[in-house]
Engineer: 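Questions regarding the structure given below will be posed in turn.
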Amino acid sequence: MDASKGHNIRFVETFSPYLKPGGLMVVDNVLFKGWTYEPSEAPKRLQPLAKKMASFNEWLLKHPQFKTTIHPIGDGMAVAIKQ
């Protein structure tokens with residue numbers, strides 16, 4: 001999934017019903033230059049987006065339909081397997 005960072009939750013909610021159990025979803029740029037760990041380190045204008053991405057990561061990691069891992073490859077990649 002390479003979508004608008006601020007709308008990732010909506011994309012997952014919209015398209016996950018079409019994903020079969022065992023299906024794989026990959027989301028890129030989830031670490032957002034490392035700013036998801038410390039949104040206050042992002043430039044002021046990007047801090048709200050860094051917070052949204054951090055919330056998305058937490059939401060996806062806790063999502064009951066997915067087993068998710070986040071990999072520090074490039075700008076971060078979440079790999080989620082539908083249960």
Side-chain angles (χ1 to χ4, degrees):
M1 185 172 80
D2 186 16
S4 172
K5 290 178 186 63
H7 298 103
N8 279 349
I9 290 176
R10 185 169 33 153
F11 280 103
V12 172
E13 290 174 337
T14 299
F15 295 107
S16 65
Y18 300 103
L19 191 62
K20 294 178 182 178
L24 186 70
M25 178 175 57
V26 178
V27 185
D28 69 347
N29 304 319
V30 296
L31 297 180
F32 196 38
K33 302 182 188 217
W35 295 329
T36 55
Y37 293 117
E38 196 61 53
S40 63
E41 296 292 319
K44 198 88 160 154
R45 66 182 179 80
L46 296 176
Q47 287 179 9
L49 187 53
K51 289 176 186 176
K52 271 189 175 183
M53 285 303 298
S55 294
F56 168 75
N57 291 345
E58 185 176 332
W59 175 84
L60 187 58
L61 286 165
K62 292 180 180 179
H63 197 292
Q65 287 188 318
F66 291 98
K67 180 173 180 357
T68 303
T69 55
I70 294 179
H71 303 273
I73 299 167
D75 203 18
M77 180 184 348
V79 177
I81 300 171
K82 189 168 184 183
Q83 302 300 297

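The shown structure was predicted, so the numbers you read here are calculated from the model rather than taken from an experiment. Atoms considered below: every heavy atom in the structure, side chains included; atoms not considered: hydrogens, waters and symmetry mates.
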Engineer: Under the rule for side-chain hydrogen bond (donor to acceptor under 3.5 Å, both in side chains), what residues qualify as partners of Lys20, not counting sequence neighbours?
Structural biologist: none

Engineer: Rounded to the nearest 0.5 Å, how far apart are CE of Met77 and CG of Asn29?
Structural biologist: 10.0 Å

Engineer: How long is the span from the OH atom in Tyr37 to the CG atom in Asn57, to the nearest 0.5 Å?
Structural biologist: 8.0 Å

Engineer: Would you list the pairs meeting side chain to side chain donor-acceptor pair (under 3.5 Å) in which at least one residue belongs to residues 58-68, sequence neighbours left out?
Structural biologist: Glu58-Lys62

Engineer: Is it the case that one hydrophobic cluster holds both Met25 and Val30, taking links as side-chain heavy atoms less than 4.5 Å apart, direct or via other members?
Structural biologist: yes

Engineer: Is Thr14 reaching over with its side chain to a backbone N or O of Arg10, donor-acceptor style, under 3.5 angstrom?
Structural biologist: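 Yes, the answer is positive, given that a donor and an acceptor are paired below the 3.5 Å cut-off.
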
Engineer: Can you pull the side chain to side chain donor-acceptor pair (under 3.5 Å) pairs that have at least one residue in residues 71-83, sequence neighbours excluded?
Structural biologist: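 Of all non-adjacent pairs touching residues 71-83, those that pass side chain to side chain donor-acceptor pair (under 3.5 Å) are Thr69-His71.
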
Engineer: Where do Ala78 and Leu60 come nearest, in terms of heavy atoms and distance?
Structural biologist: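 Scanning both residues completely, I find the closest heavy atoms to be CB-CD2, 4.1 Å.
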
Engineer: Using the side-chain hydrogen bond (donor to acceptor under 3.5 Å, both in side chains) criterion, which residues pair with Glu38? Sequence neighbours excluded.
Structural biologist: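 side-chain hydrogen bond (donor to acceptor under 3.5 Å, both in side chains) check on Glu38 returns Ser40.
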
Engineer: Going by side chain to side chain contact (heavy atoms under 4.5 Å, CB included), name the residues that satisfy it together with Met1, two or more places apart in sequence or in a different chain.
Structural biologist: Ala3, Asn8, Phe11, Val12, Val27, Phe56

Engineer: Counting distance only, does the side-chain N/O of Glu41 pair as donor-acceptor with the main-chain N or O of Trp35 below 3.5 Å?
Structural biologist: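 Looks like no, no N/O pair under 3.5 Å.
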
Engineer: Are Ile73 and Ile81 joined in one hydrophobic group, where the rule is that I, L, V, M, F, W and Y side chains link up if heavy atoms are under 4.5 Å apart?
Structural biologist: yes

Engineer: Evaluate the side-chain proximity of Lys33 to Leu46: yes if any heavy-atom separation is below 4.5 Å, no if none is.
Structural biologist: no

Engineer: Can you tell if the side chain of Ile70 reaches within under 4.5 Å of the side chain of Leu61, non-hydrogen atoms only?
Structural biologist: yes

Engineer: For Ser4, what residues pass the side-chain hydrogen bond (donor to acceptor under 3.5 Å, both in side chains) criterion, not counting sequence neighbours?
Structural biologist: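 Ser4 satisfies side-chain hydrogen bond (donor to acceptor under 3.5 Å, both in side chains) with His7 once adjacent residues are dropped.
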
Engineer: Using the rule that two of Ile, Leu, Val, Met, Phe, Trp, Tyr join whenever any of their side-chain heavy atoms come within less than 4.5 Å, decide whether Ile9 and Leu19 are in one cluster.
Structural biologist: yes

